[in-house]
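The structure appears below as structure tokens.
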Amino acid sequence: MGQWLLRATARDLCALVIPGPDVAAAYGLELGAAGLRLAATPRHANVLLIVGELPAALADAALVSYAQMMRPRGCLLLGETAPAGLPIGAQAGLSQSGLLNGLGQLRAWFCRHGYQQQVETFCAPLLMPDSASDGEGDDAGESDGRHQPDHGEGDNGRHGSHGSHGSHGSHGSHGSHGSHGSHENHENHENHENHENHEGHEGHEGHEGHEGHEGHGGMSFMSMVNVTKDLPRSPDGLPMDWIEVPFGPLFPGLPGGLSLTLTLDGDSVAGVKAETIPAACLRPPEGGFASGDLLRAVSALDPLTPVSYRLLALRALAALGATVPMPSARRCVALLERERVASHLGWLALLGCQTGFGWLQQRARQLQLACLRGAATDLRVLDKALARLERQVRRNRLLRARLSGLGVMAQQASLRGPVARACAMPIDARTQDPAYGELAFEPLCREGADAWQRLCLRLDELRQSVALVAATRSQEHSDANPFPPGTPSEAYAGEATAVVETPRGEARLHLTASGGRVTAVKLQPPSRALLGQLPHLLRQQELGDALTCVCSLDLSPWGSAS
Amino acid sequence: MNPELLLALLTGAALFGVGLYGVLSQTNLVMLMMGIELILAGALVNLVAFWRFLHAESYAGQMFVLIVMTVMALEMAVGFAVATARFRTRGSVEMEEARELKG
Amino acid sequence: MQTFFIGFFGLAAVVFAVGVFRTSSMMRSALALLFSQTALGALFLAMQAEFLGVLQIMMMATEMSIMAIFMVMFMMDPGGLGGMDMSHQKRLSLLAGLGGVVLVTGIAAYTQWEGLASATEAAAADEQIRQLGRELLGRSMLVFETAGITILTAMIAATAVAVKVPEQGGSHES
Amino acid sequence: MSALQQYLVLFALLIGAIGLTLSLYAFARALGRTREEAGKNVPATSGRLSVEPAWVRYHAHYLGYALLFLAFDMEMAYMYPWAVVFKEEGLVALLDMGVFLAILFLGLLYGWSQGALRRH
Amino acid sequence: MNAVLLGLGLLAGIYAVALLEDRLTRGSFAPAAPLLAGIALLARESVVARKPDRLLFETAPVLLLSAGLLAAAVLPLSPTLVLVDLASGALFVNAALAYVLVALLMAGWGPDGAYAMVAGWRFLGQVIAYSMLIVMPITAVAIRAESLLTTVIVVSQEGWWNIFYQPLGFVLFYIASLAVCFLPPFDRPIAAGELAAGVEAEYTGARLAVLRLGRMVLVVSLAAATTVFYLGGWQGPWLPPWAWGATKVLAVAASMLLAGYYLPRLREEQLLAWCWKLGIPLALLNIFVVGVMVLAGL
């Protein structure tokens, strides 16, 4: 019976992808074809799929998510290094065949380990402070549906403000509050003169302010007027409690790795905090980067657009005076444009996921993967498919109604990339590139600056990019690595800057070098200016609209703060 | 004596009692309205019981039930509207405080 | 059988009603009221008032859910995390409540209901709805139209009181 | 089937649904119990441990709609009995309900004009 | 006997719906997938989030399932295949559906999780708009049938199905039923992209299985309601009545799922405004038009 069940479980794998399905797709992984379902939350997943190397922030998220998954659960690592403390069920290479192979291993692993009696309890140091505040596993057990009434008495002083004790109140075990100092008020309460005394409980305001959410602290009777007096008011004049809710780093509707913390007033956004993944790897080691290391570090910076970043590093090194293994100018155009097509399609898939547009999500993902497979797809076929997709999307009245008027950007000098071009600002680093000049490249622009115009602009650019690739008539590589082999020479010094128009806008790399070693690296990634715009852009938007806004900007969380 | 009728009337009486307790004991406008809802619910039970066990042929009884239901809904609509307005201006819907602020 | 179910749902309604004031969680309180009303609907069904029963079950579900919105919006501690008590003059209220129950029960018990009854067999359920419809369009037409006017008044009152936002520092927008 | 028997069947269906659920739970429980682990029971918020309790005074931005609904919904109570006898009563029924609905619609229009029909 | 047949029919319907939904979300077809998913859920652990309102948390899945089942109980598959032919059947469907809202509200509040709570409240907003569009078109159907009995409603459509007699009512009812069973484009309470599964987010293992089962039952029930009220129920040539009934229910369910696949989710603002400013006046107009048509003897 157990074996039979496990075999059934092993055939139904539901994965939570870290850093996110967008990154997996950028690596060319077809998750659906491998039989995986995607989970929106770790609660519903039984496979934690780790794609590539995780930066520290995401490694923590992986641990937390793993802890929140239900047993039987397994972890599949595609890549080399696993986050510390995570039990790995299966490991394989970072490719489609690796994925299939790894899933096979994982299924076998499930059948072997699924219902083992002696399993170790998973625990990471990161989870501990929290578990202490909630009492050891008080609710996890299905033991009898009631909490032990006496748990955590010793922690009162520290955790009272969480209201963790209050939760017992709702289970009828009122007795457990006896020890709580402020509880006396209860008993006196029948006598309603006490009401006028509520100012006497000022002492509690302290522990209230500590949480910032007055609603929770109250063990004593407090005047509602006092509580609401200082609360911020919503536009309709009601003083409500606001909560901070994390969206990300593993939120399905946002680029994987981007962490938004939204302050929600009901379902309106009252405040935004955005965190990205710090590019720790760009800090030069003792004595500076060797050029090969720099090349590796920069191109691994953003898994969404590895080609652009590699090209950026190559150009920067070339500008320093190094001899670099650079592909021909035409070939560079082809590579960049192909990546732009794939990236825009990946963005469309994310938009589809965010707006619940199933068809768009799947179609765009298919085309993205086809585009990434390179030689396997004929350009004309791709162009035709894109034309169809474009027609369908543009014709969709509901999508238009959803996106129109959302996230209108003001023209600003700091804007770059498609967002700027949708604001009628023809800013494009490609115009300075002579190779593009030969192909008579003109940047496309649109007016309106809302999410719908950004969508339209990206659709236009998709077609334009396919046309550019076709115009270069460069030989398609079936090779995984389209760049010529070899490492740059080590003879250079001085300072230089290189610019590449990545799919999200212009990325600028500034290198300082001496004696053939790069001693300082300064990267200006394309999404930085936009991150600063978020609080203004999302203010008082409805939650769904706010997330669509963020999605429409196509932020990349990678390497944003160096 | 018809036991069904008595049972229904007892239910109505109990609901009325609970509602009355709520109206008198709650300090809060919203909770107070729940008490009123319960009192009206008690009335509903009695009306239906009277219709069923006394005058099953007269549909004015059922009509009366519809009217009471309407009253329940409207009481809520207006009550909550008042609560919203009060909350917006005073930051509270406590009845005690309402008195306090007035005096 | 009918007696049993009348008693059962009556008891359920009362138990839920008591629950309304016995919990510190606003959500529980609102839902207890909801299920109290649902039990009443079932009680109506047991009393063969089918249309009224189903109507009660339907109407109260949405109306009491809306009540939950306002409970959660305006009460200090909607989760009941603090176990706060928000009542006053408890003993007095309890006495008044009990007094009310005793009084009403007394009246119910000592009235000679048999003398008041005229017909005690309920018509078939679909016939009832039809009869109610005829009543609505016949004798009770004015009552019905008055109900309409009342609803209109309530709508206007609710809108006027609750929706208009007092201007404050020009910060209000849609 | 008499009306009371019909209600009994519906009630039995309700009990049956509860029974089905309980038996599914019992089956799942028989397969093994949940292991208590740190962090497992914290509400999932996309890869971060959520600290704050979510039970707050939630701002329902559609409260204008909710208030109108409370009143407007009552029309249903009258419409069903009316609909059933519509054919036999004829024009009277149409006019009666026409007036009633016109009155209600007026209320809706008033709410609309005052901005109750929008997010606040 | 009838009950068993209806139960089997319902099971088949649920399986078909689950299959199609799996096909749409994953993009590949696997006939055993829903079964495996169900087994996997039952075989998995089930956890209650810390500090929950346990009573509400546990009741919600049962209530959702019961609401769906009760709605289905009064809808006929053929003249004889109906569990309970209730005299106010059409109203009873509404009453049962109202508890979907209550169930989701409970599921949202119960676990004390932010995503779930926002999702629960949003669904309330959605339902108080769209439940009107369920109720009002049914009134127009009842006008024509002169009864609330679901079987009589089907018979009243002899020759001229309601979808042709009152197309406006059909469209409104269809859209509203999408909203009530929170299928896309109205799936805001369980949207992955907006709230990471929202109401379902804290449900795991067997509890999630029951919650999802409840939703499937709901979809089938609403498809059956659409069939009974607008598509002439079991009526049709050549095939036996039950076959027609089943075919129509499945077709409607499939169309409901497919509609969401090709449409993006609505914005809350538009969702509410369109319903109140467009849907309700149209529903009233529909009632009036049907009334006039009935009086004119059409």
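Just so it is clear: chains get the letters A, B, ... in the order the sequence lines come, proteins before strands, and each one is counted from 1.
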Checklist entry - Should L105(E) and M27(C) count as side-chain neighbours, where that means a heavy-atom distance under 4.5 Å? => result yes
Next on the checklist: Taking side chain as everything from C-beta outward and backbone as N, CA, C, O, which of these in I57(C) sits under 4.5 Å from a heavy atom of chain E? Side chain, backbone, both or neither.
Outcome noted: both
Checklist entry - In terms of heavy-atom proximity below 4.5 Å to chain E, should A124(C) be classed as side chain, backbone, both, or neither? => result neither
Checklist entry - Can you check side-chain contact (heavy atoms from CB on, under 4.5 Å) on L31(C) and W109(E), steps first, answer last? => result CA-CA 11 Å; L31(C) 287 172; W109(E) 184 263; over 6 Å; no
Please find the pair of heavy atoms, one from [X] and one from [Y], that lie closest to each other, and give the distance.
X       : Y       : answer
I129(C) : L148(E) : CD1-CD1, 3.8 Å
R54(E)  : R28(C)  : N-NH2, 4.2 Å
V102(E) : S65(C)  : CG2-OG, 3.9 Å

Checklist outcome for this item: salt bridge (charged side-chain N to carboxylate O under 4.0 Å, His left out) pairs touching residues 49-70 of chain C, sequence neighbours excluded, are none
Checklist entry - With distance as the sole test, does R130(C) use its side chain to make a donor-acceptor pair with the main-chain N or O of E146(E) at under 3.5 Å? => result yes
Checklist entry - Non-hydrogen atoms of chain C under 4.5 Å away: do they reach the side chain of L86(E), the backbone, both or neither? => result both
Checklist entry - Contact part of L101(E) toward chain C, heavy-atom cut-off under 4.5 Å: side chain, backbone, both or neither? => result side chain
If you round to the nearest 0.5 Å, how far is [atom2] of [Y] from [atom1] of [X]?
X       : Y       : atom1 : atom2 : result
D126(C) : L149(E) : CG    : CG    : 5.5 Å
T62(C)  : Y99(E)  : OG1   : OH    : 8.5 Å
Q128(C) : S88(E)  : CD    : OG    : 9.0 Å

Item to check | L63(E)/F35(C) under side-chain contact (heavy atoms from CB on, under 4.5 Å): CA gap, chis, key distance, verdict | outcome: CA-CA 12 Å; L63(E) 191 60; F35(C) 283 108; 4.0 Å; yes
